[in-house]
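Down below is the structure, laid out as structure tokens.
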Amino acid sequence: MRVRVNGEDREFAEAATVADVLVAFGTPAAGVAVAMDGDVVPRGVWQSTPLRDGATVEVLTAVQGG
Amino acid sequence: MSETVVRESTATEVDPLVIAGRSFGSRLITGTGGAANLAVLERALVASGTELTTVAMRRMDAEGGTGVLDLLRRLGIEALPNTAGCRTAAEAVLTARLAREALETDWVKLEVVADERTLLPDPVELLDAAERLVADGFTVLPYTNDDPVLARRLEDVGCAAVMPLGSPIGTGLGIRNPHNIEMIVAAAGVPVVLDAGIGTASDAAQAMELGCAAVLLATAVTRAQDPERMAAAMRAAVSAGRLARLAGRIPRRYWAQASSPTP
């Protein structure tokens, strides 16, 4: 299935979860948050939250600013 | 002799900044944006004495680390996520929720700006976002216009502080409307933090003299020719301005008043 991650289309296996998206980012231990289609997906349920075909996923972290 | 003791204790009295029940020894809140690199930022943060520092939330890239967070953790400085870049209440609310998840804090510097040219807060979206975030359990510190009415409305919906601008972000134009800042301070039941527009140390001192509880600045330090030295200057200015405020300045007079005995 196809999922848009941080603005780029990516292919994932049918049974993929949010945790699989994080692999591409090195699965950081902290300091990262994920939203799927505008809702926060808490770290505790990354493994158990299936990706939805056509979903928009945003992976954010803190950077210098403000 | 006893007078000297009193004077010393006044200068070193414990005078913490208290926001939402949390105490901070420093009344200087800094940003991390604009620093040439993390080494420069580190020296500036240490020199500033800050205990609370803003970070922005952005899309992670594959190589991206969490460098600025690691730095703040190492220095023992609390990270205050902001919602910089958000134009609508909906964007700001989602960004705040992501920040809460990523940084494990329910504190947020709420920023909802109207356009890139001025970066001025959009008051309608700001108030809407503030209300929603307070309802969602956040400790909301809104970056707001220097508008006493909007400041009051933000306090009314439950914001833990109000953070009026001195002048637009990054301009270094100082406090363009000191009277408005004084009116906000006079009416506020929550701490007032002068946020944005600080150019140099005297601006920070002025903010504190006007009665602000703290100053938030970034560009004035990070883009100064010597950020570490400017951070030290800001630290001293905030302390000096605070002491002057507590001391109570003399009234302004039209005519001279001799300070030596008249013959």
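All chains are named by letter (A, B, ...) in the order of the sequence lines, taking the proteins before the strands, and each is independently numbered beginning at 1.
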Check whether [X] gets within reach of chain A through its side chain, its backbone, both or neither, counting any heavy atom under 4.5 Å.
{"X": "B:L103", "result": "side chain"}
{"X": "B:A79", "result": "neither"}
{"X": "B:L41", "result": "side chain"}

Against B:M60, only a single residue in A:L60, A:V32, A:V63 fulfils side chain to side chain contact (heavy atoms under 4.5 Å, CB included); can you say which? A:V32

Need one label for A:V41: side chain, backbone, both or neither, based on atoms under 4.5 Å from any heavy atom in chain B. backbone

Is it the case that the side chain of A:Q64 and the backbone of B:T32 share a donor-acceptor pair, with hydrogens and angles ignored and the cut-off at 3.5 Å? yes

Donor-acceptor check, side chain of A:T61 to backbone of B:R58, threshold 3.5 angstrom: yes or no? no

Verify the neighbour count for atom [atom1] of [X]: are there more than 12 heavy atoms of other residues, nucleotides or ligands below 6.0 Å?
{"X": "B:R117", "atom1": "CZ", "result": "no"}
{"X": "B:R87", "atom1": "CZ", "result": "yes"}
{"X": "A:E11", "atom1": "CD", "result": "yes"}

Any idea which heavy atoms bring [X] and [Y] closest together, and the distance?
{"X": "A:G66", "Y": "B:A218", "answer": "O-CB, 3.0 Å"}
{"X": "B:L69", "Y": "A:G31", "answer": "CD1-CA, 3.7 Å"}
{"X": "B:L94", "Y": "A:G38", "answer": "CD1-O, 3.4 Å"}

Should the pair B:E101-A:R43 be classified as a salt bridge under the 4.0 Å nitrogen-to-oxygen rule? no

